[in-house]
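Right, one structure below, let's go through it.
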Amino acid sequence: MRWSDLFIPTLREDPADAEVASHRLLVRAGYIRQLTAGVYSLLPLAQRARLKVINIIREEMNRIGGQEFLLPAIHPAEIWKESGRWEVMGENMFRLRDRKGADMALGMTHEEVFTSIARHTINSYRQLPQVWYQIQTKFRDEARPKSGLLRVREFTMKDAYTFDVDRAGLDKSFQDQYDAYCRIFTRCGLKYTAVEASSGAMGGSQSTEFMVRTEAGEDRIAVCPECGYAANVEKATSRLAEYQDEEDADKPEKFPTPGMRTIEDLTTFPGGASADRQIKTLVYALNDRLTLVLMRGDHELNETKLADASGALNIRPAHPEEIREALGAGAGSLGAVGVTRASHPEIDRIIADSALRSRRNMTTGANQDDFHLRGVSVERDIQVDHWASLRTVKAGEGCPECEGALDVFKAVEVGHIFKLGTKYSESLGARVLQADGSEVPIVMGSYGIGVERVMTAAVELYNDEAGIVWPESIAPFHVVITPVNIKDAELMSVAERIYAELEAAGIEALLDDRDERAGVKFNDADLIGVPFRITVGKKIKDGRVELFTRASRTSEDVQIASIIESLRAKLEATSE
RNA sequence: CGGGGCGUGGCUCAGUCCGGUAGAGCACUCGGUUUGGGACCGAGGGGUCGUUGGUUCGAAUCCAAUCGCCCCGACCA
């Protein structure tokens with residue numbers, strides 16, 4: 001391709017509204033333009049990179065027996081109502097009405113549609129397993145699109161679905177996908193971590209996210225460098241030091257704490273307690289039923305863990321009025337001692353974090369403003385309905401699986417694989433007959449990759465002050481040829497010859513035939529991030545050109561006759 | 001949804017406080033010089049100042065409403 005024939009609108013200055021590196025660079029280097037919040041046009045360079053990612057995904061999906069489909073993006077409300085997700089998806093789903101007034105939606109994922117195909121066409125265990133996938137546009141009306149292509153409202157997803165007759169089949173299908181995902185991300189040049197994750201609105205028993213570490217990411221993950229334990233903080237647990245609490249009195253003692261409202265206040269109050277000796281009492285509305293959530297004073301609740309532990313779909317902190325009405329005190333003086341369904345009918349249940357198990361001699365609110373209780377023995381004095389891991393792990397805490405210490409860092413989710421089980425096959429009625437004549441719901445898995453996110457994560461991972469540095473496997477071109485002055489006929493004929501030879505050799509080359517000064521061409525080539533550059537300049541007098549490596553920004557002189565060979569060797573070296 | 005910021009040629013921004021007929025740099029067009037890391041000189045073209053309404057002799061500027069975008073938080077497979 002000749003640069004003069006390609007639309008590459010590079011910008012000399014950074015776009016004003018781009019914060020994260022990938023957003024700034026993709027706009028500046030002429031890859032994307034925004035149409036509206038969270039909706040981007042992909043320009044030719046971006047589309048080339050996107051197609052590289054797609055081809056890698058397609059090859060690896062086909063390799064594990066995947067069959068490619070293309071499903072509609074417009075869905076009737078009915079199937080979403082059948083699965084129950086018409087409600088669950090809430091405002092995140094783009095909804096519309098057709099001319100007859102029928103409710104429709106733009107697809108945010110395709111469990112419903114794939115399952116509806118399966119239920120009509122798969123009747124026997126003999127037709128299983130099936131591995132179905134598609135690469136298609138998804139629509140999600142995100143409350144807050146941000147960070148360029150990292151969080152958008154319209155994007156390409158590879159979504160795959162597996163159908164098996166039993167759990168063992170699902171385990172194998174899941175493992176196949178897991179292995180394929182590892183190959184895909186490795187081939188795309190990403191450094192990634194596979195982590196245990198919460199399944200959220202997808203449902204199902206187990207899920208793994210594929211995360212790329214970057215400050216631009218919105219998820220946080222905990223990783224053990226010793227044993228490889230890795231989990232999203234929405235799921236991660238950690239090992240805490242054991243407490244040997246002193247024996248306390250035989251019942252809690254109420255004491256006045258005028259004006260003390262926070263955990264911090266009580267740590268300095270005479271007769272108070274250190275944060276790890278306090279019980280923090282939070283009030284949440286879970287599906288509009290009030291629940292007391294108990295945490296150790298120095299611990300932070302993770303709301304996703306609370307949602308997972310309680311099974312609640314709608315979860316929010318209770319309003320101050322609700323709290324006072326239910327417990328008779330304001331936030332800051334709350335406690336769970338003596339709270340039962342009989343004594344406090346507004347409180348549906350008490351959920352406690354497992355770090356409070358067996359703790360004694362603790363301090364907590366007395367449900368009376370300006371009073372607290374000390375000498376509280378959790379299991380003696382509080383009727384906990386449900387114990388769960390609710391705490392957000394912190395860096396430096398012990399790994400739950402070995403003696404190591406956890407790291408916690410930000411990451412972006414590029415893929416997520418779920419063992420769905422029978423949630424959708426049951427709600428949508430996709431069943432098969434087994435060999436013994438009994439009927440069972442199909443056991444399903446669901447597996448997604450955000451295509452543009454893969455590209456964007458690569459840009460986050462690989463860039464420098466001059467621009468993007470693409471991994472060779474997904475770069476829009478392998479090499480750019482830069483004749484330093486197009487008016488020099490001799491120089492141009494060398495450049496043209498090298499270009500023709502590269503094309504013939506199957507190496508994707510971009511010939512910068514623009515009538516620009518060398519500096520402009522060099523800067524643009526660095527910006528768009530093509531892995532190699534062949535500079536054709538005055539050294540052709542000695543039969544040489546320069547081979548410049550974008551990643552290291554170093555160049556070496558190469559004989560014109562052996563340039564193809566030299567470049568091929570470098571391409572092969574980096575693609576390992 | 002709560003908080004903050006911003007809407008002025010294609011891009012980056014000044015002008016808004018204190019009302020007086022719209023500017024710079026880059027980009028673009030033409031001519032000339034230049035030519036290995038975003039050249040220079042000269043001459044040009046291009047703007048309903050987000051939108052609507054109001055105040056005023058007069059509004060980019062003041063007031064109100066509204067739309068859009070960005071950031072933080074909430075939310076989020």
In whole Å, what separates the P atom of B:U8 from that of B:U34? 40 Å
Out of B:C69, B:G36, B:C13, which has the shortest distance to the side chain of A:Ala16? B:C13
Go through the N and O atoms of the side chain of A:Asn485 and the base of B:G36, and report whether any donor-acceptor pair is under 3.5 Å. no
Distance check, C1' atoms only: B:G5 and B:U21, in whole angstrom units. 31 Å
Using atom P in both nucleotides, what's the gap between B:G58 and B:U12 to the nearest angstrom? 35 Å
Which nucleotide in the set B:G37, B:C69, B:G38 lies at the smallest distance from any side-chain heavy atom of A:Gln34? B:C69
If you find the nucleotide of RNA chain B closest to A:Asp524 and the one closest to A:Lys487, which residue's nucleotide is nearer the 5' end? A:Lys487
Would you indicate which nucleotide in B:G36, B:C71, B:G37 comes nearest to any side-chain atom of A:Glu19? B:C71
Of the listed B:C69, B:C13, B:G37, the closest approach to the A:Asn523 side chain comes from B:G37
Is a donor-acceptor pair below 3.5 Å formed from side chain A:Arg12 to base B:U12, judging by atom type as modelled? no
Does A:Glu13 get its side chain close enough to the base of B:G25, under 3.5 Å, for a donor-acceptor pair? yes
Not counting sequence neighbours, list each pair that qualifies as a salt bridge (charged side-chain N to carboxylate O under 4.0 Å, His left out) and has a residue in residues 28-43 of chain A. A:Asp14-A:Arg28
Using the P atom as the reference point in each nucleotide, state the distance between B:G25 and B:G44 in Å, no decimals. 14 Å
B:G37 base / A:Arg533 side chain donor-acceptor hit below 3.5 Å: yes
Classify the side chain of A:Glu516 and the base of B:G37 as holding, or not holding, a donor-acceptor pair under 3.5 Å. no
